[in-house]
S.K.: 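Here it is, the structure in full.
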Amino acid sequence: MKYIIIGGVAGGASTAARLRRLDEHAEIILIEKGAYISYANCGLPYYIGDVITERNKLFVQTASSFKKRFNIDTRVLNEVISINPTDKNVTIKDLTNGKTYNEQYDKLVLSPGAEPIRPPLTGINEEGIFTLRNVTDTDNIKKYVQQFPNGKAVIIGAGFIGLEMAENLHHLGMQVTIVEMGNQILAPADFSIAAIAQQHIRSKGVDLRLKTTVAGFERDALGLKVVLKDEDPINADVVILSIGVKPDTRLAQAAGLQLGNAKGILVNEFLQTSDENIYAVGDAIEFINPITKLSMPTFLAGPANKQGRICANNLVLGNHQKYHGAINTAIVKIFDFTVAVAGVASKHLKAADIKHIVSTTHSGSHATYYPDSEQMTIQIVFSPEDGKLLGAQIAGIDGVDKRIDILASVIQRGSTIYELTEFEHAYAPPYSSAKDPVNMAGFVAENILHKRLTVVAWDKVGKLGPNDVLIDVRSVKEFYQGHISGSINISVDDLRDRIYEIPKDKNIYIYCQVGLRGYLAQRILKQSGFEHVYNISGGYKLWSICSNECKIVKNACLV
């Protein structure tokens, strides 16, 4: 059996290695148009920022070591320029000498990845404007920024890579501006979680500009300028374009393979394309999302690696192992902060017309009486029918990674918020509390589902009318340190004695600092004859962060 794999890195290299472990005698050819077949692309921003100082540590395998260890014919700087499915051959161009040649295959695997979006803006090809996708890009950026040790960097796009580049260029001593056309950073997250991280970014001296559109680029005697729509231009020494990627489907399209609605290579549950002899993995493929049931690509290294293993199993052993899709679990370090997501955000569930409930909780990363506990915010979304967990987002400083992995496991298995209430974690004061933040998220969600707790989102505050009463149930001291305009202060500890002050014929909205005392107050009122009582999810903490973010940039908040 002869296999040809087009493209290395996560998907292609993992497919090739697994193929060899399953079949020692197969002929395997790995063709990569770049100079490197397997490298830590997620580590590239950190090499640019001198956090990773040794370049060689970025490489998982070189072409020669891969060939020696796995006996795979590894051809770098070779580009497949066409596929002929009828004759089962590919035409390859050797980029070192320009010559072309053909290779036959029995089975073909496509792993071409994705390519950065580079919009046709005026001046986009000016010197100093880069995209970051591979090692060559990394080397070019690193060499260029060394000319400007205290220079100005403009990052266009506030996704995962854009934020990582902002942090690393800031680490080099550069003055960093982030320009984002949307109303928030991190499109996979909801506004409330993004807002927390946005405040942290600003605290580091980074100029974060939301709802800002880049119109083009110019260069004059003073240097490079980023031209903005309706705003003054920004001076820059280096510009990083990080506005997204798109599946590289040029070969697949030319070969007549079927694409999906999102313009990725459409594959079935066995990672097989519309041609039975051609499989595909990685960023270029499109697959059904297990939550929304919509077809979509996934631009993450973790799923690509796992797809490679499944693909190889199906190639050698026959189509027997199904790929179940990705729930898009991802995490990003933003200076001292971490944001993680899994599943589907509330805004995307709304767009897909999927009914859901949103719950936000704040908890300590470990026991608060043990030193250095940091508060984290967990937002989960779940089905109002059966409590099925549909998505989770976390923002915090410590312990975010292990909590998102727990929540991702529950989402991936199609389990419910009830599992969170019983999740048994390793507990000691330096690591957690007796009730872990994951448990707390489950407890609150269970109360909501069983109507022991009725919550509303933070932005409901701006829509209250004359028939609504807003009550702050924190202490008097907390109230005067900052409160929501128009609220009445009745501490939860005094609520029973002052309950006569609250009208029963109006809607009662309650808030505390993070939500717990509001829940207690709601239980008191509900059991005292008050019918319409609502707790503001996430409390004053979340409301103040989100409302402040809305004020910073005009129309940045869609409420």
S.K.: I'd like to know whether CD of Glu385 has more than 12 heavy-atom contacts from other residues, nucleotides or ligands below 6.0 angstrom.
M.R.: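 Counting neighbours around CD of Glu385, 12 or fewer heavy atoms of other residues, nucleotides or ligands fall under 6.0 Å, so no.
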S.K.: Does any N or O in the side chain of Asn168 come within less than 3.5 Å of the main-chain N or O of Glu164, such that one atom is a donor and the other an acceptor?
M.R.: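 Checking the backbone N and O of Glu164 against the side chain of Asn168, a donor-acceptor pair under 3.5 Å is found.
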S.K.: Does a sphere of radius 6.0 Å around CE in Met296 hold more than 12 heavy atoms from other residues, nucleotides or ligands, not counting ones at 6.0 Å or beyond?
M.R.: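 Atom CE in Met296 is crowded, with more than 12 foreign heavy atoms closer than 6.0 Å.
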S.K.: Going by heavy atoms in the side chains, are Pro503 and Val469 under 4.5 Å from each other?
M.R.: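 Yes; the side chains approach each other to less than 4.5 Å.
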S.K.: Distance only, no hydrogens: is a donor on one side chain within 3.5 Å (strictly under) of an acceptor on the other, for His362 and Thr377?
M.R.: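 Result is yes, a qualifying pair exists.
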S.K.: Would you kindly say whether Arg474 and Asn489 are connected by a side-chain donor-acceptor distance under 3.5 Å?
M.R.: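 Their side chains do not contain a donor-acceptor pair, so the 3.5 Å distance test is not met.
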S.K.: Write down the atom of Gly157, the atom of Ile178, and the distance for their closest heavy-atom approach.
M.R.: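 It is O-CG2, 4.3 Å.
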S.K.: Do any N or O atoms from the side chain of Ser111 and from the backbone of Gly12 form a donor-acceptor pair under 3.5 angstrom?
M.R.: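 Yes, because the side chain of Ser111 sits within donor-acceptor range (under 3.5 Å) of the backbone of Gly12.
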S.K.: Between His356 and Ser346, do the side chains contain a donor N or O and an acceptor N or O under 3.5 Å apart?
M.R.: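 Ser346 vs His356: donor-acceptor pair found between side chains.
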S.K.: Report the C-alpha separation of Ser295 and Glu286 in whole Å, then their side-chain angles, then the decisive distance to 0.1 Å, and conclude whether the side-chain hydrogen bond (donor to acceptor under 3.5 Å, both in side chains) test is met.
M.R.: CA-CA 6 Å; Ser295 185; Glu286 183 175 327; 2.6 Å; yes
S.K.: Would you tell me whether Tyr431 and Asp436 have side-chain atoms, one donor and one acceptor, within less than 3.5 Å of each other?
M.R.: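 There is no such pair (donor and acceptor under 3.5 Å, judged by atom type) between the side chains of Tyr431 and Asp436.
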S.K.: Taking the side chain from Gln321 and the backbone from Phe270, do they hold a donor-acceptor pair closer than 3.5 Å?
M.R.: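 Not confirmed, Gln321 side chain does not pair with Phe270 backbone.
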S.K.: Which of parallel (below 30°), tilted (30 to 60°) and perpendicular (above 60°) describes His483 and Tyr480?
M.R.: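 Ring orientation of His483 relative to Tyr480: perpendicular.
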S.K.: With a 4.0 Å cut-off on N to O distance, would you call Arg413 and Glu419 a salt bridge?
M.R.: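 Yes, charged N to carboxylate O under 4.0 Å.
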S.K.: Flag yes if more than 12 heavy atoms outside Lys526 fall under 6.0 Å of its NZ atom; otherwise flag no.
M.R.: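 Result for NZ/Lys526: enclosed.
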S.K.: Do Glu115 and Arg133 sit within salt-bridge range, that is, some charged N less than 4.0 Å from a carboxylate O?
M.R.: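 Salt bridge flag = no for Arg133 with Glu115.
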S.K.: How about Asp353: does its CG atom have over 12 heavy atoms from other parts shown lying under 6.0 Å from it?
M.R.: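 Not buried by this count: 12 neighbours or fewer within 6.0 Å.
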S.K.: Apply side-chain hydrogen bond (donor to acceptor under 3.5 Å, both in side chains) to the pair Thr273 and Gln258, showing each step before the final yes or no.
M.R.: CA-CA 7 Å; Thr273 70; Gln258 185 178 351; over 6 Å; no
S.K.: Is Asp505 atom CG crowded by more than 12 heavy atoms from other residues, nucleotides or ligands, each under 6.0 Å away?
M.R.: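 Yes, because the 6.0 Å sphere around CG of Asp505 holds more than 12 heavy atoms from other groups.
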S.K.: Report yes if some heavy atom in the side chain of Gln272 is under 4.5 Å from a heavy atom in the side chain of Val267; otherwise report no.
M.R.: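 No - every pair of side-chain heavy atoms lies 4.5 Å or more apart.
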S.K.: Are Asp472 and Tyr511 close enough that a side-chain donor and a side-chain acceptor fall under 3.5 Å?
M.R.: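 Distance-only check passes for Asp472 and Tyr511.
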S.K.: Quick one: does Ser14's side chain have a donor or acceptor within less than 3.5 Å of a partner on Ala10's backbone?
M.R.: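 Yes.
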S.K.: Does CG belonging to Asp386 count more than 12 external heavy atoms closer than 6.0 Å?
M.R.: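 Yes - once you tally the heavy atoms of other residues, nucleotides and ligands closer than 6.0 Å, there are more than 12.
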S.K.: Would you confirm whether Arg523, through its side chain, and Arg452, through its main-chain N or O, come within 3.5 Å as a donor-acceptor pair?
M.R.: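 It does hold such a pair.
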S.K.: Taking NZ, NE, NH1 and NH2 as the nitrogens, is one of them in Lys211 or Glu180 under 4.0 Å from a carboxylate oxygen of the other?
M.R.: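 Between Glu180 and Lys211 there is no salt bridge, as every charged N stays at least 4.0 Å from the carboxylate O atoms.
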S.K.: Salt-bridged, Arg250 to Asp248, with N to O below 4.0 Å?
M.R.: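 A salt bridge links Arg250 with Asp248.
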S.K.: Quick one about Glu478 and Ser475 (side-chain donor to acceptor, distance below 3.5 Å, no hydrogens or angles considered), yes or no?
M.R.: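 Ser475 vs Glu478: donor-acceptor pair found between side chains.
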S.K.: Do side-chain atoms of Arg403 reach the backbone of Gly399 as a donor and acceptor pair under 3.5 angstrom?
M.R.: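 Flag set: sc Arg403 to bb Gly399 pair under 3.5 Å.
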S.K.: Would you indicate whether the side-chain heavy atoms of Ile310 and Val281 approach each other to under 4.5 Å?
M.R.: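 No. Closest side-chain heavy atoms not under 4.5 Å.
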S.K.: Taking the six-membered ring for Trp and the full ring for Phe, Tyr or His, determine whether the centres of Phe287 and Tyr323 are under 6.0 Å apart.
M.R.: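 When the ring centroids of Phe287 and Tyr323 are compared, they turn out to be within the sub-6.0 Å range.
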S.K.: Compute whether any side-chain donor of one residue and acceptor of the other, for Asn319 and Asn314, lie under 3.5 angstrom apart.
M.R.: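 Distance-only check fails for Asn319 and Asn314.
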S.K.: Okay, side chain of Asp494, backbone of Ile490: is any donor-acceptor separation there less than 3.5 Å?
M.R.: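 Not a single qualifying donor-acceptor pair exists.
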S.K.: I would like to know whether Lys204 and Asp336 meet salt bridge (charged side-chain N to carboxylate O under 4.0 Å, His left out); could you show each step before the answer?
M.R.: CA-CA 10 Å; Lys204 294 297 181 179; Asp336 307 320; 2.5 Å; yes
S.K.: Which heavy atom in Pro290 sits nearest to a heavy atom in Ala326, and how many Å separate them?
M.R.: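 Answer, listing the atom of Pro290 first, then Ala326: CD-O, 3.5 Å.
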S.K.: Please determine if Arg202 and Glu549 form a salt bridge, counting it only when a charged side-chain N lies under 4.0 Å from a carboxylate O.
M.R.: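 Glu549 and Arg202: salt-bridged.
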S.K.: For Arg496, does the CZ atom sit with more than 12 other heavy atoms under 6.0 Å from it, leaving out its own atoms?
M.R.: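 Not more than 12 within 6.0 Å, no.
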S.K.: With distance as the sole criterion, is a donor-acceptor pair present between the side chains of Thr298 and Asn328 under 3.5 Å?
M.R.: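 Checked: Thr298/Asn328 side chains pair up, N/O donor to acceptor below 3.5 Å.
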S.K.: Does Gln522 use its side chain to pair, donor to acceptor, with the backbone of Thr454 at less than 3.5 Å?
M.R.: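 At least one qualifying donor-acceptor pair exists.
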S.K.: Should the ring pair Phe335 and His170 be called parallel, tilted or perpendicular, given that the plane angle runs from 0 to 90° and is split at 30 and 60?
M.R.: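 Phe335 and His170: perpendicular rings.
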S.K.: For the backbone of Ile404 and the side chain of Lys402, can you confirm whether one donor and one acceptor N or O come within less than 3.5 Å of each other?
M.R.: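 Checking the backbone N and O of Ile404 against the side chain of Lys402, no donor-acceptor pair under 3.5 Å is found.
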S.K.: Please test Leu525 against Ile508 for side-chain contact (heavy atoms from CB on, under 4.5 Å), starting from the C-alpha separation and ending with a verdict.
M.R.: CA-CA 9 Å; Leu525 293 177; Ile508 310 301; 4.1 Å; yes
S.K.: Between the side chain of Asn439 and the main-chain N/O of Phe423, is any donor-acceptor distance below 3.5 Å?
M.R.: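 The answer is yes, because a donor-acceptor pair under 3.5 Å joins these two groups.
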S.K.: Would a 4.5 Å heavy-atom cut-off, applied to side chains only, mark Ile265 and Thr249 as touching?
M.R.: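 Yes - at least one pair of side-chain heavy atoms lies under 4.5 Å apart.
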